[in-house]
Structure formats: C-alpha cells, structure tokens
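Counting starts at 1 for both ligands and their atoms, following the listed order.
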Amino acid sequence: MKLAIMGAMVEEITPLLEYFETYECVEFGKNRYYTTTYKGLDLVIAYSKIGKVNASLTATTLIEKFGAQKLLFSGVAGAINPTLKIGDLIVATKLAQHDLDITAFGHPHGYVPEGAVFIETDSALMQLAKHVAQTKGIVLQEGIIATGDQFICDSAKKEWIGKTFNADALEMEGASVAVVCDALNIPFCILRAISDAADMDAGFSFDTFLESSAKQSASFMVAILDALA
Ligand code: ADE
C-alpha cells in the first residue's frame, strides 16, 4: 500500500519527517517529495506550499507520479465553530471552495457546472480516524471544512463562510486536494488542528500556534498510520 501524506507548509510535515528519521528525497516540479517505509507502508510525503493551485499540483503529483493509493492531509486550520479551540483536531466530512464564485450566473457559492459545492471524504478513513481517537481517548471533531486562497482574519468574513457552507473550520488547501482525489478516485482524509479563530487576532495566533498545532495533527496522523499498518 502506497500512502501519500501531504501538508501545505514545511512546519506541517517536519514533525513527520523527524519521526520517520530516514527517508529519500526526490525533486520534481519545483518541489521535494520524501519517500520512506513505515511498518510495511510505503510513504511519500510532501508539502505543497500554500494555496489551492499548489495543493492541486502536489496532490496530482503524489498520485500520478508517485503512485499514492490513498492520500492523508495533515495541517492547521482556522476555527469557525466556537467549540473548536487552539490545538483541537478536526477531520473533514466534506469540503467546499468558499472563494469559488460564479453566482452572477445563478449558481450557488462554491459551485461550477459539472462540479459540486461539496466533496465528501472517504468514509472508511473517517471511521478509522474516529476509532483511533476513541481508543486513544483523543477528542476528534468531525465537520465541514471550507477552503479558499485567502488567510481569513476577519470575523465578518468568517461568519459568512460559516453560514454559507455550514463550515466548522477553514483553511487554504483541503477542498482542492478533495477535487483532485475525487477526480482520480483516490480515498482521502483531511485532518487539521486549530491554529487560530480566523478573527482579527488570527495572524498573531497563527504565528504563535502553527508549530504546536501542526505537531498535534502530525502525531494523530502517525496514530492513523499505525492503525493502517
Ligand atoms: N489556516 C489556518 N488558519 C487559517 C486562516 N485563518 N485562514 C486561512 N487558512 C488558515
């Protein structure tokens, strides 16, 4: 089984690379892909750089060039749902692009013809994540994640995204990874730990908690790998 583990920023995959200790690095498409094995699983790990276009390129490369059969995303997110606090884990049930807007033609936000507003994640991976959380006594919230090419640091914008997509958290890559995996028929899971509340303090909070929250997400990802192995 070849598994891809993806982040958006170097901070999001560094804890994984440190955990696996030995890996090889392959350069492709102005990016680096790290390969290793863990408990019989073949892993390919990469961070895409921020945003939907970079994430789409990296997800496609992980699948088409490196042969990933499942894709797991680990990283941080801004909270919309007030029950989500710094460091809390959320796994996406489905994802939408909050900045995709052809409403001028009568379509709902997040929709393009022949697409769908929401893309659902793999239910088997979701069940596995929930099972891992339960057995380890870790609180894992499930919910809708909204993605866009904007760092949200404005309560009004956050509320709009929350209301329009019924979203619990927001970030800048998940829904584009979902589009790629859905199109290429690859089961995927998007896991995030909260780094900020997407409000006026979000920039400061993100800088403060990026590393610790990324570690929270990465360590839960290792527990998922243990369960998959
Ligand atoms: N990722 C983490 N926090 C975020 C925010 N406030 N906006 C967009 N992406 C994020």
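- A salt bridge does not link Asp199 to Lys158: none of the charged nitrogens lies less than 4.0 Å from a carboxylate oxygen.
- Close to ligand 1: Gln150, with a non-hydrogen atom less than 4.0 angstrom away.
- Taking distance alone, with nitrogen or oxygen atoms compared against 3.5 Å, Gly78 approaches ligand 1 more closely than that limit.
- Geometrically, Lys70 does not engage Phe188 in a cation-pi contact defined by less than 6.0 Å to the ring centre and at most 45° from the axis.
- In this model, no donor atom of one side chain and acceptor atom of the other lie less than 3.5 Å apart for Thr36 and Glu24.
- Between Lys52 and Asp99 there is a salt bridge, since at least one side-chain N of the basic residue sits less than 4.0 Å from a carboxylate O of the acidic one.
- Protein heavy atom closest to atom 4 (C) of ligand 1, with residue, atom name and distance, is Phe151 CE1, 3.4 Å.
- Aromatic pair Phe206/Phe151: centroids less than 6.0 angstrom apart.
- Among protein heavy atoms, the minimum distance from atom 3 (N) of ligand 1 is reached at Asp196 OD2, 2.6 Å.
- Annotation for ligand 1: atoms under 4.0 Å from non-hydrogen atoms of Glu171 are 9 (N), 10 (C).
- Atoms of ligand 1 lying under 4.0 Å from at least one heavy atom of Ala198, given by number and element, are 6 (N).
- Near Ile152, the atoms of ligand 1 lying under 4.0 angstrom from a non-hydrogen atom of the residue are 5 (C), 6 (N), 7 (N), 8 (C).
- Residue Phe206 has at least one heavy-atom neighbour below 4.0 Å for each of these atoms of ligand 1: 2 (C), 3 (N).
- Under the 4.0 Å criterion applied to side-chain N and carboxylate O atoms, Arg192 and Glu12 are assigned as salt-bridge partners.
- Environment of NZ in Lys215: sparse, with no more than 12 heavy atoms of neighbouring residues, nucleotides or ligands closer than 6.0 Å.
- Each of the following atoms of ligand 1 lies closer than 4.0 Å to a heavy atom of Ser195: 2 (C), 3 (N).
- Ligand 1 places these atoms under 4.0 Å from at least one heavy atom of Met172: 8 (C), 9 (N).
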